[in-house]
Colleague: 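First the structure, which I've put down as structure tokens, then a few questions once you've had a look.
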Amino acid sequence: MVKIAPSILSADFCRLGAEVEDIRRGGADYVHVDVMDGIFVPNISIGIPVVKSLRNSTDMFLDVHLMIDRPHRYVEEFCKAGADLVVFHVEADQPQDLLAAIATVKAMGKKVGLSVKPKTPAEVLRPYLDQLDLVLVMTVEPGFGGQSFMHDMLPKIAALRQMIDEMNPGCELEVDGGVDPNTAPLCKQAGADVLVAGSAVFKKPDRAEAIRAIRES
Ligand code: DX5
Ligand code: ZN
């Protein structure tokens with residue numbers, strides 16, 4: 001069954017603990033935490049102190065998506081703050097620094113993932129794939145919630161499904177951006193294991209129903 005990872009970017013930050021509890025009760029699998037630095041993406045969101053607070057208030061799996069420049073500088077801090085999975089962008093660092101960051105996260109006993117922006121081809125991930133616990137395909141330009149799903153990313157999801165099955169079958173394939181009950185079936189058909197959904201969960205009054213609608217669509 002596909003996993004659902006609601007993105008708290010669309011939650012009410014004034015009542016974040018209650019928002020996370022709501023999706024836990026609603027059957028969410030991961031909490032997706034979008035970290036933005038205003039450099040790698042044209043927006044600024046939340047960071048290490050919020051991950052620490054989340055860790056202190058929930059036992060849910062924290063899926064931390066770093067949309068930051070040169071992530072190798074910060075991955076250890078996010079692990080210490082309590083991330084269960086740290087995902088960063090293949091476009092955001094030099095190859096040797098990406099490899100160092102992957103090694104750091106693993107040495108901290110956490111799961112590690114790499115993400116690709118829409119214009120980045122799937123093949124760029126091949127040299128890293130055997131070391132990853134998760135691959136994240138962006139189906140919007142990263143930076144903002146509530147954008148429309150890019151249907152032209154579906155072949156890339158399918159290509160990564162095939163690459164993962166051949167090289168590292170334990171690796172999860174996550175899709176992020178514009179996922180709702182209409183686009184979720186397309187992602188599942190293309191081979192996604194984990195669906196991130198921000199507005200399609202947190203902008204709905206009944207989060208359990210919203211999660212069910214995405215999972216079962
Ligand atoms: C975009 C973020 C996404 C975003 C998803 O930069 O990485 O996780 O919050 O939001 P929706 O589901 O509203 O597209
Ligand atoms: Zn994200």
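Ligands are counted one by one from 1 in listed order, and the atoms in each one are counted from 1 as well.
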Colleague: What residue among Glu19, Arg24, Met60 forms side chain to side chain contact (heavy atoms under 4.5 Å, CB included) with Val31?
Modeller: Met60
Colleague: Taking only residues at least two apart or on different chains, which pairs with a member in residues 189-199 satisfy side-chain hydrogen bond (donor to acceptor under 3.5 Å, both in side chains)?
Modeller: Arg161-Asp193
Colleague: Using a strict cut-off of under 4.0 Å between a residue heavy atom and any atom of ligand 1, list the qualifying protein residues by chain and number.
Modeller: Ser7, Leu9, His32, Asp34, Met36, His65, Met67, Met138, Pro142, Gly143, Phe144, Gly145, Gly146, Asp176, Gly177, Gly178, Val196, Ala197, Gly198, Ser199
Colleague: Do other residues, nucleotides or ligands put more than 12 heavy atoms under 6.0 Å from Glu209 CD?
Modeller: yes
Colleague: Would you call Glu174 and Lys3 a salt bridge, taking side-chain N to carboxylate O under 4.0 Å as the test?
Modeller: no
Colleague: Could you tell me whether the side chain of Lys117 and the main chain of Pro142 form a donor-acceptor pair under 3.5 Å?
Modeller: no
Colleague: Tell me whether Lys188 at atom NZ has more than 12 heavy atoms from other residues, nucleotides or ligands lying less than 6.0 Å away.
Modeller: yes
Colleague: Test salt bridge (Lys or Arg N to Asp or Glu O under 4.0 Å) on Glu172 and Lys111; report intermediate values, then the result.
Modeller: CA-CA 11 Å; Glu172 290 191 313; Lys111 293 192 170 178; 5.8 Å; no
Colleague: Give the other cluster members for Phe40, using side-chain heavy-atom distances under 4.5 Å between Ile, Leu, Val, Met, Phe, Trp and Tyr residues; answer none if it is isolated.
Modeller: Leu9, Met36, Val41, Met67
Colleague: Protein N, O or S atoms at less than 2.8 Å from the Zn ion (ligand 2), how many?
Modeller: 4
Colleague: Hey, mind stepping through Asp34 and Ser45 against side chain to side chain donor-acceptor pair (under 3.5 Å) and telling me if it holds?
Modeller: CA-CA 7 Å; Asp34 284 309; Ser45 58; over 6 Å; no
